[in-house]
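Worksheet: one structure, shown below.
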2 protein chains.
Amino acid sequence: MGKGEATRETILDAASRLARTVGLSGMTIGTLAASTELSKSGLYAHFRSKEALQLQVLEHAKGRFVAEVVSPALAAARGEPRVRALFDAKLRWNAQPGGCIFTSSAMELDDRPGPVRDRVVRDQRDWLDTLATVFHTGRTEGHFRADADPEQFAFELDGIMFSYHSFKRLLGDETAEARARRAFETLLDSVREAR
Amino acid sequence: MGKGEATRETILDAASRLARTVGLSGMTIGTLAASTELSKSGLYAHFRSKEALQLQVLEHAKGRFVAEVVSPALAAARGEPRVRALFDAKLRWNAQPGGCIFTSSAMELDDRPGPVRDRVVRDQRDWLDTLATVFHTGRTEGHFRADADPEQFAFELDGIMFSYHSFKRLLGDETAEARARRAFETLLDSVREAR
DNA sequence: TCTCGATGAGAACGAGCGTGCGATCTACGA
DNA sequence: TCGTAGATCGCACGCTCGTTCTCATCGAGA
C-alpha cells in the first residue's frame, strides 16, 4: 500500500466518523481537511469531487460493515442462532460512537435523487436481503413458522434498529438496548413454530 | 390576522415542506425566499435568525400534528380503538408528501446539540408519551395484558413508523403500508390479553 | 546524481450562505 | 385624507463552500 493509499484510508475513516454526526451532505471538505491535518486541496486531490468522496465513504463503510457484522454472523449456526448473531452484531454496530452511517444516510437522502442516494438505496436493499435470507434459512431449518414472511421479518427487525437508534442517540435513553432486545424476542416469538 | 401574520404562515408552510426534503439545516433562506416569492431580506425580517426560523417551523408543524393526528385520535373510544386511530392517523401523517418532519429531524439532529435539537427531543418525547398514555388507558380498559409495558409498546410502534418511512420514501416500496399494518397487528397480538 | 511521478501546500475563483441596514411601499386608524 | 407603523425590497458585508490552478517537496529508479 503506497503512501497515497494510506492517506486515503485515513481520510475515509475520518470522513465516516464525521458523516455519521453531520450527515453526508453536512460534511464539508474544509472540516474534513482540518480533522485529518491536510490542506483542503491536498485532501481534495484524492477524490475528484465531493460526490465521489461521499460514494467512497459509503463503500468504505460497507466494507467494514460486511467484515464486522455480516461475515461474523454468517459463521454462526444456520437458523435462529444465525439470526440472533446478526441482530447482536448489528446492535453493536449501531452502538459505535456516531451510530450507523447507513441509518442516518437513509433518512438524510430519502428525498434527494442522485448517485449517492442510489448507492444508499442499494446498500439498504442489500441489508434487508441479508436479513430476509438469513431468516429464510432459519425457516428451512424448521426454526420458524412455514408461513412466516422473510421480508416482513426484515421490515420489523429493521424497525427495531431504527427505534434503537432514535432512543439511544436522540433521546440518550439508556434503556434503548434492553428495549431493542425485548422487542427482538417478541418478534421471534411471533414467528416461531408453536403459537 | 394581519398581513404580516399571513405571510409568516405562508412561509412556515413552505418551510415545513422544504425542511422535510432537505432537512432543517439543509434548508436555506435563499431557496425558501425564492419558493415563497419574497426577497431574502423580506423573508428574513419575519424571523431574527435562521435558528429562530427552524424553531418556529417545528412549532408550526407540531400545531398541525396535534390538530391532524393527536386530537382526532383522542376522539375515538378509549382502549384499542383509540390506539388504532392513533396509528392510522400517524400513518396518514407520514404518508403526506415529504414524509414526517419530526422523523427526519430526529435523525438529522441526533448528534448536533443546540436549541433546535432540544426542541426535537421534546417533541419526540411528547409523541412517545402520547403513545404510552393511550396504550396505558387501553390496559386499564382491560384491552391489553396487565403486564404489558406502555413504554415498550411506544418503542415498538415507533419502530414500525420508522421502518415504514424508510420503505416508503427511501426504497419507494409500495408494500410499505401493508407491511406496517401487518406489523401493527402482530404488535397488538403480542400485548393482548389472551395468549 | 539526476529525473520524474506521486503527493501535498497555497492561493485564488465564483457562488451562495446568514445577516444587517437603510430606503421604499402599503395598509389602516385617526 | 393623511400619517405612520409595519411589511418588503435592494444592496452589501464577511464568510465558507466546492473546485481549480500553480508550485514545492520527496522518494524511487536510471
Side-chain angles (χ1 to χ4, degrees), chain A residues 1-60 105 108-109 112-117 119, chain B residues 1-60 105 108-109 112-117 119:
Chain A
M1 175 158 75
K3 179 147 193 270
E5 198 63 19
T7 353
R8 224 184 59 102
E9 213 70 8
T10 309
I11 296 173
L12 288 177
D13 269 333
S16 304
R17 235 173 298 124
L18 185 57
R20 264 181 273 140
T21 80
V22 297
L24 274 174
S25 328
M27 166 184 73
T28 78
I29 310 257
T31 315
L32 188 53
S35 88
T36 49
E37 286 175 322
L38 275 168
S39 68
K40 257 194 346 172
S41 56
L43 183 147
Y44 195 80
H46 287 270
F47 317 89
R48 292 193 309 219
S49 72
K50 185 178 181 184
E51 190 177 277
L53 168 63
Q54 294 172 322
L55 287 171
Q56 291 189 41
V57 166
L58 285 174
E59 198 166 323
H60 184 71
S105 306
E108 177 188 358
L109 299 168
R112 283 182 268 177
V116 185
R117 188 201 128 110
R119 175 81 207 207
Chain B
M1 175 160 75
K3 178 145 195 274
E5 198 63 20
T7 4
R8 222 184 59 101
E9 214 69 10
T10 309
I11 296 173
L12 288 178
D13 270 334
S16 304
R17 234 173 299 123
L18 185 58
R20 265 181 272 140
T21 81
V22 297
L24 275 173
S25 328
M27 166 184 75
T28 79
I29 310 252
T31 315
L32 188 54
S35 88
T36 49
E37 286 175 322
L38 276 168
S39 68
K40 257 189 359 168
S41 51
L43 183 148
Y44 193 80
H46 287 270
F47 317 90
R48 290 192 310 218
S49 70
K50 185 179 179 181
E51 189 176 279
L53 167 62
Q54 294 172 324
L55 288 170
Q56 291 190 42
V57 166
L58 284 173
E59 198 164 324
H60 183 71
S105 305
E108 177 187 357
L109 298 168
R112 284 183 265 179
V116 186
R117 188 200 127 109
R119 175 82 208 208

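Every chain is numbered from 1 and lettered A, B, ... according to where its sequence line falls, protein lines coming before strand lines. Bear in mind that the values here come from a model prediction, so they are computed numbers and not experimental data.
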query: Only one of Glu108(B), Gln54(B), Lys50(B) forms a side-chain hydrogen bond (donor to acceptor under 3.5 Å, both in side chains) with Ser25(B), so which one is it?
result: Glu108(B)

Contact nearer the 5' end of DNA chain C, comparing Lys40(A) with Ala45(A): Ala45(A)

message: Between C1' on dT7(C) and CD on Glu9(A), what's the gap in Å once rounded to a whole number?
response: 17 Å

- request: Using whole Å, report how far NZ of Lys50(B) lies from P of dG20(C).
  value: 15 Å

- prompt: OP1 or OP2 of dT8(D) sitting under 4.0 Å from any side-chain N/O of Thr7(B)?
  reply: yes

query: Could you state the CG-C1' distance from Leu24(A) to dG18(D), rounded to the nearest angstrom?
result: 16 Å

- line: In this structure, CG of Leu55(B) is separated from CZ of Phe47(B) (nearest 0.5 Å) by 11.5 Å

Spacing of Tyr44(B) atom OH relative to dG10(D) atom P, expressed in whole Å: 19 Å

query: Given atom CZ of Arg48(A) and atom P of dG8(C), what is their separation to the nearest angstrom?
result: 17 Å

message: Once hydrogens and angles are ignored, does a donor-acceptor distance under 3.5 Å link the base of dG10(D) to the side chain of Ser41(B)?
response: yes

field: Nearest non-hydrogen partners of Leu109(B) and Arg117(B), listed with the distance
entry: O-CG, 3.2 Å

- request: Take the protein atom CG of Leu43(B) and the nucleotide atom P of dG6(D), then report the distance between them rounded to whole Å.
  value: 19 Å

query: Would a 4.5 Å heavy-atom cut-off, applied to side chains only, mark Leu38(A) and Leu32(A) as touching?
result: no

query: In whole Å, what is the span from the CZ atom of Phe47(B) to the C1' atom of dA7(D)?
result: 13 Å

query: Taking it one step at a time, do Thr28(B) and Thr31(B) satisfy side chain to side chain donor-acceptor pair (under 3.5 Å)?
result: CA-CA 5 Å; Thr28(B) 79; Thr31(B) 315; 2.7 Å; yes

task: Report the nucleotide, chosen from dA9(C), dG18(C), dC9(D), that has the shortest atom-to-atom distance to any side-chain atom of Ile29(B).
output: dG18(C)

field: Residue-phosphate contact under 4.0 Å: Thr28(B) side-chain N/O, dG16(C) OP1/OP2
entry: no

- prompt: Between dG18(C) atom C1' and Leu32(B) atom CG, what is the distance in whole Å?
  reply: 13 Å

- prompt: Taking OP1 and OP2 of dG8(C), is either one under 4.0 Å from a side-chain nitrogen or oxygen of His46(A)?
  reply: yes

